[in-house]
Amino acid sequence: MPRRPAFHRRVLDWFDVHGRHDLPWQASRDPYRVWVSEIMLQQTQVKTVIPYYQRFLQRFPDVHALANAEQDEVLHHWTGLGYYARARNLQKAAQVVRDEYAGEFPASLEDLAGLPGIGRSTAGSILAAAFGQRGIILDGNVKRVLARHRAVEGWPGKTAVHDALWEIAEELTPRERHADYNQAMMDLGATLCTRSSPRCGDCPVAADCVAREQGNPGAYPGKKPRKTMPVRNTRFFMARNPAGELWLEKRPAPGIWGGLWCFPEAGERDPAAWCLDVFGAEPGSIEAWHEFRHTFSHYHLDIQPVLLHVPAPAAAVMEADRQLWYNVRENPRIGLAAPVVDLLRQLATGSSPAAGTRKSPKAKE
DNA sequence: AATTCGGGGAG
DNA sequence: CTCCCAGAATT
């Protein structure tokens, strides 16, 4: 009786017929383009990345354009994509490639993984996709496929589980068609071996899949332990001058929204006192907007926006590199935190959400 | 080993 | 609402 074809053979044959072959970053083996796509795709779905990728490549077509750009403009093109350290590291790495590799990407796993923002899996993916070498990947898709196929128990966030999955990935990755195999495994996880209701009937490696034999593919990989997410509170002071511009501050590099521009966050500070402090003038009016919730992966942030009308422009106080008056009509090339984008849009269109309680005896202008 | 980094797609 | 996405860096 005929032996069952090797794992990678079945995966590759399936890929040739059913894999994804038309994603934007598959049109070229240019290491720069491969690299940008890999970074954007970290913890981010393909559908979300595509428009960002197109705009980014149009503005930064090669590694020199990126290395020489203003960080604000890089973050501008990352606004809304999240995990902004990726963008900061991306530009740092571009500068390393420019300065230490003469503008040519290194073709070794060690050198790639030495660049900021490139870890073990991303380095393996670039090695295969851009250089045709045997690079091994272990992303969310591959983890799911392998955990099911070998019935690896436990949450991959645990080191032992993670290491076991890497071991299997190493073992199964073939010595041929490296780029296609990696793409095939990701396609398998993204289109067939999905988190819920996997289509085992169409899977090329279902015959020896242990989870399927057990009848419980949904049990793999193990789920992350639940934790109740903490709720933090903050207020955004939206100071608007007579020209209609909004006061923004650049956030420090480590921390949430690092490098992005945001409304000043105020704890318990009194808005009128803050205004006097920063602008040397009492606000003409203070208007509290309704509180809304912005949720991160590890906590909720309840934000109370407070609109202050600053009567006179105060020129002398501004530190140009970390404070600015934002003109909505000019669309400055800077990175903005997602809730700030929403609030600026509301301020521009005048569609302020049913203004809440007035916190000042003075009426809205 | 555990935390910290976003925002949204899809159920 | 929940779960998690082509993970890496930091503590």
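In what follows, chains carry the letters A, B, and so on, assigned in the order in which the sequence lines appear, proteins first and then strands, with residues in each chain numbered from 1. All values derive from a computational prediction rather than experimental measurement.
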### Query
Which nucleotide sits closest to the side chain of A/T159: B/dA1, B/dA10, B/dC5?
B/dA1

### Task
Check whether any side-chain N or O of A/Q45 sits under 4.0 Å from OP1 or OP2 of C/dC5, and answer yes or no.
no

### Task
Using whole Å, report how far CD1 of A/I303 lies from C1' of B/dG6.
12 Å

### Task
Select base, sugar-phosphate, or nothing to describe what A/I118 touches, counting heavy atoms under 4.0 Å on all strands.
sugar-phosphate

### Task
Let me know the distance between CZ of A/R199 and P of B/dG11, rounded to the nearest Å.
12 Å

### Task
Give a yes or no on whether A/Q58 atom CD has more than 12 heavy-atom contacts from other residues, nucleotides or ligands under 6.0 Å away.
no

### Message
Is A/T122 close enough to C/dA6 that one of its side-chain N or O atoms is under 4.0 Å from OP1 or OP2 there?
### Response
no

## Note on the structure
Result for 5'-nearest mapping on DNA chain B, choosing between A/G157 and A/P339, is A/G157

### Message
What contact category does A/A338 fall into here, base, sugar-phosphate, or nothing, at under 4.0 angstrom with non-hydrogen atoms?
### Response
sugar-phosphate

### Under-4.0 Å salt bridge between A/E287 and A/R240
no

### Query
How would you label the contact of A/L260 with the nucleic acid (heavy atoms, under 4.0 Å): base, sugar-phosphate, or nothing?
nothing

### Task
Check whether any side-chain N or O of A/Y84 sits under 4.0 Å from OP1 or OP2 of B/dG7, and answer yes or no.
yes

### Task
For A/T48, report the nucleic acid contact type (base, sugar-phosphate, nothing); a contact means any heavy atom under 4.0 Å.
sugar-phosphate

### Euclidean distance, atom CD of residue A/Q43 to atom P of C/dC5 [Å, nearest integer]
7 Å

### Message
OP1 or OP2 of C/dT2 versus the side-chain N and O atoms of A/K223: is any pair under 4.0 Å?
### Response
no

### Message
Categorize A/R88 for me: base, sugar-phosphate, or nothing, with a 4.0 angstrom heavy-atom threshold over every strand shown.
### Response
nothing

### Query
Between B/dC5, B/dT3, C/dA6, which one does the side chain of A/K227 approach most closely?
B/dT3

### Task
Look at the side chain of A/M186 and decide which nucleotide, out of B/dC5, C/dA6, C/dG7, has an atom nearest to it.
C/dA6

### Query
Which part of the nucleic acid does A/F296 contact within heavy-atom distance under 4.0 Å: base, sugar-phosphate only, or nothing?
sugar-phosphate

### Value in whole Å for how far the C1' atom of B/dT3 lies from OH of A/Y83
11 Å

### Query
Roughly, in whole Å, what's the span from CD1 in A/I126 to P in C/dA8?
9 Å

### Task
Measure the shortest side-chain to side-chain distance between A/E153 and A/Y220 over non-hydrogen atoms and say whether it is less than 4.5 angstrom.
yes

### Task
Quick one: pull up CZ in A/F292 and CG in A/L301 and give me the separation to the nearest 0.5 Å.
8.0 Å

### Query
Counting just side-chain N and O atoms, does A/R195 come under 4.0 Å of either OP1 or OP2 of B/dG9?
no

### Message
Using the P atom as the point on both nucleotides, what is the distance between B/dG6 and C/dT10, in whole Å?
### Response
14 Å

### Query
How is A/P254 classified with respect to the nucleic acid when contacts are heavy atoms under 4.0 Å: base, sugar-phosphate, or nothing?
nothing

### Task
Check whether any side-chain nitrogen or oxygen of A/W257 sits under 4.0 Å from OP1 or OP2 of B/dG7, and answer yes or no.
yes

### Query
Does A/S197 make a side-chain donor-acceptor contact with the base of B/dG11, cut-off 3.5 Å?
no

### Message
Using a heavy-atom cut-off of 4.0 Å across all strands, would you classify A/G189 as base, sugar-phosphate, or nothing?
### Response
nothing

### Query
Hey, does the side chain of A/R144 come within less than 4.0 Å of C/dC5's phosphate (OP1/OP2), counting only N and O?
yes

### Message
Please tell me if A/K143 has a side-chain N or O lying less than 4.0 Å from either OP1 or OP2 of C/dG7.
### Response
no

## Note on the structure
Note: for A/N89 and A/N141 on DNA chain C, the residue whose nearest nucleotide lies more 5' is A/N141

### Task
Grab the CE-P distance between A/M40 and C/dG7 for me, whole Å please.
15 Å

#### Entry: Distance, P atom - from C/dA6 to B/dT3, rounded to whole angstrom
25 Å

### Message
Categorize A/V142 for me: base, sugar-phosphate, or nothing, with a 4.0 angstrom heavy-atom threshold over every strand shown.
### Response
nothing

#### Entry: Nearest-nucleotide comparison on DNA chain B, the residue closer to the 5′ end among A/W155 and A/K47
A/W155

### Summary
Whole-Å distance, A/L90 CG to C/dA8 P, equals 13 Å

### Message
Please classify the nucleic acid contact of A/S121 as base, sugar-phosphate, or nothing, using heavy-atom distances under 4.0 Å.
### Response
sugar-phosphate

### Query
Does A/H294 have a side-chain nitrogen or oxygen under 4.0 Å from the phosphate oxygens OP1 or OP2 of B/dG7?
yes

### Query
Should A/R86 and A/E38 count as an ion pair when the cut-off is N to O under 4.0 Å?
no

### Task
Give one of base, sugar-phosphate or nothing for A/W25, where a contact means two heavy atoms less than 4.0 Å apart.
base

### Query
On a whole-Å scale, what distance lies between the P atoms belonging to B/dG9 and C/dA8?
23 Å

### Interatomic distance where CZ belongs to A/R293 and P belongs to B/dG8 [whole Å]
17 Å

### Query
Any idea how A/W325 and A/W247 line up, ring-wise: parallel (<30°), tilted (30 to 60°), or perpendicular (>60°)?
perpendicular

### Query
Hey, is A/R345 close enough to A/D342 for a salt bridge, meaning N to O under 4.0 Å?
yes

### Query
Can you tell me if A/N241 and A/E245 form a side-chain donor-acceptor pair at under 3.5 Å?
yes

